[in-house]
Amino acid sequence: MGLSPLVVAVRDIQQGEDESRYVAVERFKVLGLTYENPIRVTLRSAPAAVEGKVDSPGGVRMDYRFLLAESGDGTEVEDTLVVHAWARPLLNFAARKAREVQLARAKVLAARLG
């Protein structure tokens, strides 16, 4: 929590040896109505990276990877998102929201670590 401005709750946390799973509740507006979207999240730790996927009940899926690399006196983060949806309008909406979250996360991390 705190890295995504959309996430208002996390529940059903399952910690495994190689991965973690949980349900994150996103809250956003669609056509002026507030919607709470419970998404299933899977996180896996990889060498110098965090990888995962998100499955949304609306048929939106997202794969992501945060790759960490030393850079001078700090760390560079490469944040890659791949969004899939069954309909172009839904894909456009989901991709726009994912990009908004990606940019907000970068600001939060820069403020916390910078």
Side-chain angles (χ1 to χ4, degrees):
M1 297 256 315
L3 290 179
S4 170
L6 298 180
V7 175
V8 296
V10 174
R11 63 179 188 243
D12 303 332
I13 300 167
Q14 300 172 0
Q15 186 80 33
E17 185 175 318
D18 297 328
E19 68 181 27
S20 299
R21 295 173 183 256
Y22 58 91
V23 173
V25 180
E26 297 177 318
R27 183 179 296 148
F28 52 85
K29 290 193 182 253
V30 178
L31 302 173
L33 301 173
T34 300
Y35 179 70
E36 290 196 354
N37 188 39
I39 57 175
R40 291 182 314 278
V41 180
T42 303
L43 290 173
R44 289 178 302 281
S45 183
V50 175
E51 301 172 337
K53 67 179 185 173
V54 172
D55 290 308
S56 172
V60 175
R61 292 179 300 111
M62 183 175 68
D63 299 302
Y64 58 90
R65 186 170 200 237
F66 307 117
L67 180 63
L68 309 173
E70 290 185 34
S71 177
D73 292 334
T75 302
E76 184 175 308
V77 179
E78 181 180 317
D79 186 357
T80 304
L81 307 173
V82 179
V83 181
H84 310 270
W86 57 272
R88 176 65 64 183
L90 184 58
L91 176 62
N92 291 342
F93 177 79
R96 188 174 65 251
K97 287 296 181 186
R99 181 65 175 153
E100 289 172 7
V101 168
Q102 188 179 39
L103 293 173
R105 181 174 41 252
K107 287 181 183 177
V108 168
L109 289 173
R112 287 184 188 179
L113 304 173

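In what follows, every heavy atom counts, from backbone to side chain, and hydrogens, waters and symmetry copies are set aside.
- In this structure, Leu81 and Ala98 approach most closely via the heavy-atom pair CD1-O, 3.7 Å.
- Under the 4.5 Å side-chain criterion, counting only non-hydrogen atoms from C-beta, Phe66 is not in contact with Leu43.
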Under 3.5 Å, which donor-acceptor pairs link side chains of residues 10-19 to any protein atom two or more places apart or in another chain?
residue	atom	partner	partner atom	Å
Gln15	OE1	Ser20	OG	3.2
Gln15	NE2	Ser20	OG	3.0
Glu19	OE2	Arg21	NE	2.8
Glu19	OE2	Arg21	NH2	2.7

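- In terms of hydrophobic clustering, with Ile, Leu, Val, Met, Phe, Trp and Tyr side chains grouped at heavy-atom distances under 4.5 Å, Val8 and Leu33 are assigned to different clusters.
- Linking Ile, Leu, Val, Met, Phe, Trp and Tyr whenever their side-chain heavy atoms come within less than 4.5 Å puts Leu91 and Tyr64 in one cluster.
- Tyr22 OH to Arg40 CZ: the interatomic distance, rounded to the nearest 0.5 Å, is 13.5 Å.
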Taking distance alone, no hydrogens or angles, what donor-acceptor pairs closer than 3.5 Å link side-chain atoms of residues 50-62 to residues at least two apart or in another chain?
residue	atom	partner	partner atom	Å
Glu51	OE2	Arg65	NE	2.9
Ser56	OG	Asn37	OD1	3.4
Ser56	OG	Asn37	ND2	3.1
Ser56	OG	Gly58	N	3.4

Item to check | Test side-chain contact (heavy atoms from CB on, under 4.5 Å) applied to Val101 and Lys97, step by step | outcome: CA-CA 6 Å; Val101 168; Lys97 287 296 181 186; 5.6 Å; no

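- Scanning all heavy atoms of the two residues, the minimum distance from Pro38 to Glu36 falls at CD-O, 3.5 Å.
- Taking hydrophobic clusters as Ile, Leu, Val, Met, Phe, Trp and Tyr residues chained together by side-chain heavy-atom distances below 4.5 Å, Leu6 shares a cluster with Tyr35.
- Scored by the salt bridge (charged side-chain N to carboxylate O under 4.0 Å, His left out) test, Asp79 finds Arg105 as partners (sequence neighbours excluded).
- Note: Thr75 OG1 to Leu67 CG = 11.0 Å, rounded to the nearest 0.5 Å.
- Using a 4.5 Å heavy-atom threshold, the side chains of Val83 and Phe93 count as separate.
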